[in-house]
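In what follows, chains are A, B, ... by sequence order, proteins preceding strands, each numbered from 1. Note that the structure is predicted; figures quoted are calculated from it, not measured. Computation of the quantities below employed the complete heavy-atom set of this structure, encompassing side-chain atoms and omitting hydrogens, waters and symmetry-equivalent molecules.
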Amino acid sequence: MLAVVAAAPAARALAPHDAPGGIAPARLRERDALLARAEAALAARKPGEAMPLLERAAQIAHAPDTELAIVRCRMQAGEYRQALSFAAHAAGAHLEETAGAGLYAWLLNAGGQPAIAARLLREAQARNPQDRLLKAVATQLERPWPVASGPLLQAPARMAPYAAPLPGTAVVGSGTLLAGGRVALVPAALVHRGAGLWVRNGLGDTVEARVADQPVAGVARLALSQRLPDPQLPAAARDPFPGSVAMAIEYAPQAAGTPAWPLLRTGFIGAALPVEGERRLGIALPPQAARGGPVLDQRGALVGIAIGDAHGDRLVGIGPLRAALGLWLLPPASASTPVDVDGAYELGLRQSLQLLRRA
Amino acid sequence: MKRLLRISAVVSATAALAMACGDGSDPAPAPAPAPAPAAPFVAKLIAFNDYHGNLESPGTFGENLNVPSASRPPVGGAEYMAAHVAKLKAQNPLNVVVGAGDSIGASPLVSALFFDEPSIETLNRIGLEFNAVGNHEFDKGSAELLRLQNGGCKTNGGTQDPNSCKGATAGTPVPFEGAKFKWLSANVLSTATGQPLLPAYGTKTFNGVKVAFIGMTLEGTPGIVTPTGVAGLQFRDEADTVNALVPELKAQGIEAIVVLVHEGGFQTGSLSDINGCEGNLAGSAIEGIVNRLDDAVDLVISGHTHAAYNCKLANAKGRQIPVTSASAFGRVLTDVDLTIDPATRDITTARATNRLVVRNDASIPADSTVAGIVTAYKGLVSPIANQVIGAVSAALPNTRVDGACNMPAGDLIADAMLAATQPASFGSAQIAFMNGGGVRNPGFTFPSSTAGEGDGNVTYGEAFTVQPFGNSLVTLTLTAQDLRDVLEEQFAGCHGQVTTATRFMLPSNGFKYTWDGSKACGARIASVTLRNGATTETIVDAAGVVLNPARTYRVTVNNFMADGGDGYSTFLRGTSRLGGAQDIDALTAYMAAFKSPSPPYTWGANANDAGSTRIQRASASANCPTGSNTNP
């Protein structure tokens with residue numbers, strides 16, 4: 001995995017919101033030091049080191065800067081559900097700190113709740129009509145593909161994972177991690193042998209990749225130079241039925257190659273196509289992308305990957321993938337309990353990949 | 001120990017005074033006072049604070065910060081809160097459950113989207129009895145707080161908010177039941193009346209001894225809440241408020257006093273053990289309050305800082321009294337054994353222990369009722385539920401609309417079943433049948449629901465209401481004779497059907513038949529035809545003769561029917577069975593063809609129906625048979 005060289009952005013100075021009075025100056029200095037160390041650990045993509053420091057800071061004052069850092073720490077660790085829950089609290093408990101509302105709205109939108117995200121953002125903007133951060137978030141969320149850049153990459157409300165920069169690359173599409181973290185499936189139209197390729201998950205883990213063999217059904221298999229953490233998503237036993245609920249997870253294409261959290265959208269698998277195992281995707285995703293991300297069912301099982309082209313979005317189902325690409329490595333889906341969209345997004349942070357290509 | 005708990009309304013003159021300020025007390029009818037035992041006894045107090053609507057687990061948590069992350073158990077979640085409270089209550093029938101504020105507000109979407117009604121409903125079932133207000137109880141203003149206390153639906157401009165009163169789905173009463181516990185606000189006064197917004201205290205009687213619970217938020221609440229949230233309210237000094245109430249309580253013979261206050265402190269050091277008190281909360285707001293409390297106060301349950309501690313701090317007389325806090329988000333419960341001396345009616349000792357609300361103790365299974373409520377609200381918050389899957393041009397009820405027993409909603413579902421299984425790889429179906437009992441109320445409605453999808457549009461949630469069973473489709477092969485037999489089998493007492501029920505299935509488009517309920521079993525069905533485009537095939541002629549008994553057809557039913565459910569035992573003869581999609585998936589896929597801008601689904605408009613209903617009756621009766629009488 002690539003080493004992280006990004007510098008830790010300084011935490012914006014925030015006054016403790018409703019911390020009780022009487023905190024000794026020495027304790028406040030201790031808190032500031034803890035936060036600074038935690039932010040540095042986060043920027044170094046070490047959430048395991050950051051969290052104990054943040055927990056200690058939280059035991060000194062109940063303050064938004066600490067809570068927002070905890071949210072980002074949870075995201076850096078791939079714990080979307082806890083991040084979202086805590087972001088809800090941070091946004092509601094610290095109305096004066098708009099970064100909380102901005103980060104919460106961003107996470108909701110990313111995780112498949114765009115309507116609610118938009119509503120919460122409107123409410124926050126009504127309270128803080130001149131707030132630049134909220135305006136920047138709103139501008140992005142109104143776009144098909146929100147992309148965090150500039151102020152939206154600064155603590156306390158950085159809206160992307162920390163990751164090693166890859167100058168000269170662009171995010172050209174998405175991919176799906178398989179085979180214990182050693183293989184990625186991507187749209188064949190986006191890759192060719194000899195191209196400079198990397199993949200990066202929603203935690204910012206980035207590795208180099210190469211085309212492994214001939215594409216099948218418009219899907220190429222990439223061999224990864226190092227293993228990426230794999231949530232061992234189970235695969236569905238068969239191709240999904242038209243009309244079944246599904247969740248697609250994709251990354252925004254972008255010229256800058258910036259790390260990002262993926263976007264999850266829900267819908268219903270569309271009609272069967274003439275090719276065995278293929279379906280219309282049936283999930284409304286932002287336009288003009290080659291796709292490549294995983295599509296999950298309501299039990300969190302992989303039912304296929306999305307492929308986009310001039311004819312629209314289609315699903316290449318698990319059947320043809322398994323037959324053509326040997327996906328027998330995937331553990332079979334058991335009688336698991338359903339996962340909600342939050343749980344699916346959490347799986348998707350590791351299972352979905354940004355596909356980066358040298359520009 | 002015999003349970004001698006008394007929960008009653010006080011009726012004495014002194015109590016009348018208390019009612020004015022307190023009125024949070026003992027709501028149940030008063031049984032005859034039991035003679036107080038001579039010996040001291042123990043009552044159990046269970047406390048928590050800063051729940052913040054965390055219906056779901058907030059993650060893992062350790063007893064202190066030195067516990068490695070990998071060793072921290074998963075904690076919290078309403079269903080486990082309920083289970084742990086129940087376990088503690090089972091240890092002592094003399095018990096009370098209290099909270100120190102911020103039970104709602106700044107809550108996750110699953111609670112916040114529904115105005116925190118899910119939090120109240122689950123706290124009711126967890127058994128909370130007295131709860132101090134915290135600053136977040138005022139996030140939406142005092143009127144909304146009173147609604148949450150008293151029940152009723154949230155309205156906007158006289159219209160019910162679509163996200164309020166969702167109990168029909170959650171399995172809770174409609175309208176919203178309100179808090180069964182008493183919110184207490186001793187130091188929050190209405191500026192208009194000078195009276196506490198909510199009762200200042202509540203009482204509960206154990207073995208004839210009354211214990212008072214004074215509840216309040218921090219005086220500084222106005223500084224940390226939206227101004228509109230605290231408009232028209234005064235927030236008074238916490239210690240002064242408690243001390244002013246002590247004489248009033250003593251006048252009622254109450255010596256046992258517990259303060260629930262939404263204010264707190266932090267331990268010093270780096271351990272933060274949930275049962276520790278490093279630094280004795282020195283310099284904290286809660287220390288400042290406790291230091292000024294009347295000596296009559298026996299225990300302080302605090303909160304607000306989200307910290308956990310188990311302290312003893314000096315009161316105004318220098319006596320060390322227990323002061324606790326239980327972290328936040330339902331991670332921790334404070335378990336306090338109160339020793340009460342009946343002779344003095346006072347608490348002599350209070351032994352407190354903070355306990356993690358772990359989710360991995362096999363001896364403490366989740367409360368299934370509370371879990372069900374949480375699951376239901378999770379479903380409601382799903383972005384799937386409100387997605388439009390298609391549209392209908394008029395309501396399609398799940399009732400029989402004529403004497404022949406046609407049902408528009410059932411016809412649509414049968415059409416969807418057929419469409420889903422027509423392709424060769426999905427079954428090559430030619431006919432589908434839907435059992436009428438599987439089409440749930442109210443069918444497909446036309447007016448927009450409260451979700452606001454628009455008239456005629458059908459959301460996934462609405463479709464799921466009509467087809468909630470999760471049945472899967474089964475396509476099987478039947479002969480022409482089987483088809484006639486299963487149609488005969490719809491009538492009470494005919495073939496495998498019970499004698500008390502007549503059950504008409506709903507066929508898919510193109511399939512038609514005529515029945516005559518006045519005839520005998522085996523002779524009621526005639527004129528069975530199957531039309532597909534320009535081709536119409538007669539399966540049973542007008543005289544009731546099966547023209548080609550051995551000819552086979554691919555027929556789709558749901559797995560309930562395929563297994564002989566609803567008395568359709570003929571389907572058990574079906575061969576070459578192929579399992580398929582879930583019924584709701586088939587419906588969703590089919591409705592996609594009727595989603596705007598495409599025209600909506602119109603009952604009877606399918607070309608294969610050729611302008612007449614699928615089920616025809618020989619007589620002109622308007623009464624569809626459902627029971628033993630096959631020809632009403």
Side-chain angles (χ1 to χ4, degrees), chain A residues 17-24 27 30 48 51-52 55-56 58-62 74 79 81-82 84-96 104 108 111-116 120 127 240-245 247 264-272 276 280 282 298 340-342, chain B residues 52 54 56-59 65 69 105-109 112-113 135-136 139 218 220 223-224 226 263-268 270 272 282-288 304-307 329 378-379 381-384 386-387 389 416 420 423 425-426 460 580-582 584-592:
Chain A
H17 151 62
D18 50 357
I23 298 177
R27 290 284 279 168
E30 180 187 351
M51 186 56 78
E55 288 175 337
R56 286 175 59 190
Q59 294 302 318
I60 297 174
H62 177 191
R74 293 290 189 201
E79 298 166 349
R81 288 172 294 180
Q82 291 179 35
L84 189 69
S85 177
F86 211 65
H89 177 75
H94 308 286
L95 295 176
E96 82 288 356
Y104 184 37
L108 279 169
Q113 297 279 17
I116 293 172
L120 291 175
R127 290 192 300 269
F241 286 106
S244 57
V245 172
M247 297 167 273
L264 179 149
R265 290 294 179 261
T266 58
F268 309 98
I269 294 294
E276 178 73 20
R280 296 226 173 274
Q298 283 187 294
D340 57 20
V341 287
D342 301 346
Chain B
H52 285 295
N54 273 248
E56 297 180 285
S57 169
L65 296 182
S69 296
S107 48
L109 190 63
L113 185 65
N135 52 294
H136 282 293
D139 281 351
L218 68 157
I224 53 176
T226 314
E263 180 59 286
F266 290 100
Q267 297 186 57
T268 57
S270 57
S272 293
S284 69
I286 192 64
E287 184 199 39
H304 186 51
T305 59
H306 296 190
F329 311 128
K378 284 294 287 182
V381 82
S382 163
I384 291 289
N386 292 327
Q387 285 196 31
I389 61 169
S425 57
F426 293 111
Y460 184 77
Q582 287 216 326
I584 185 70
D585 297 345
L587 179 62
T588 304
Y590 184 65
M591 290 302 290

Residues in side chain to side chain donor-acceptor pair (under 3.5 Å) contact with A/R56, at least two apart in sequence or another chain: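 Expected list: none.
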Looking at residues at least two apart in the chain, or sitting in another chain, which of them share a side chain to side chain donor-acceptor pair (under 3.5 Å) with A/D340?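 Partners of A/D340 by the side chain to side chain donor-acceptor pair (under 3.5 Å) criterion, ordered by chain and then number, come out as B/K378.
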Go through [options] and name the one with the most non-hydrogen pairs under 4.5 angstrom from chain A.
options: B/P108, B/A112, B/P383; value: B/P383
options: B/T588, B/D585, B/N386, B/V381; value: B/D585
options: B/A589, B/G105, B/A106; value: B/A106

Would you call the rings of A/F241 and B/F426 parallel, tilted or perpendicular, taking 30° and 60° as the class edges?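 Taking B/F426 first and then A/F241, their aromatic rings sit tilted (interplane angle of 30° to 60°).
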Can you tell me which of A/G267, A/S244, A/A271 forms the most heavy-atom pairs within a distance under 4.5 Å of chain B?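 Result: the option with the highest number of such pairs is A/S244.
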Name the option with the most non-hydrogen atom pairs under 4.5 Å to chain B; the candidates are A/A115, A/G243, A/A58.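 Answer, by heavy-atom pair count under 4.5 Å with chain B: A/G243.
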Euclidean distance, [Y] [atom2] relative to [X] [atom1], rounded to 0.5 Å:
X: B/S69; Y: A/E55; atom1: OG; atom2: CD; value: 6.5 Å
X: B/Q582; Y: A/Q298; atom1: CD; atom2: CD; value: 8.0 Å
X: B/H136; Y: A/H89; atom1: NE2; atom2: NE2; value: 5.5 Å
X: B/I224; Y: A/H94; atom1: CD1; atom2: NE2; value: 9.5 Å

Report which part of [X] has an atom under 4.5 Å of a heavy atom belonging to chain B: side chain, backbone, both, or neither.
X: A/I269; answer: neither
X: A/L84; answer: neither
X: A/A272; answer: side chain

Sub-3.5 Å donor-acceptor pair from the side chain of A/H62 to the main-chain atoms of B/H304, do we have one?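 Checked: pair present.
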Please confirm whether the backbone N or O of B/L109 pairs with a side-chain atom of A/Q113, one donor and one acceptor, at under 3.5 Å?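 Absent.
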Closest heavy-atom pair and its distance - A/T266, B/Q387: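 Looks like OG1-NE2, 2.6 Å.
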Considering all heavy atoms, the nearest B/A307-A/Q59 contact: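 In this case the closest contact between B/A307 and A/Q59 is CB-OE1, 3.7 Å.
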Please classify the contact between B/F329 and chain A as side chain, backbone, both or neither, with a heavy-atom cut-off of under 4.5 Å.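 Contact with chain A: side chain only.
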Report which part of B/I389 has an atom under 4.5 Å of a heavy atom belonging to chain A: side chain, backbone, both, or neither.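 Contact with chain A is through the side chain of B/I389 alone.
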May I ask you to check whether B/E56 and A/S85 show a side-chain donor-acceptor distance below 3.5 Å?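 Note: B/E56 and A/S85 side chains miss the donor-acceptor criterion.
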Above 12 or not: heavy atoms from other molecules or residues under 6.0 Å from CZ of A/R280?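 Open: at most 12 neighbouring heavy atoms sit under 6.0 Å from CZ of A/R280.
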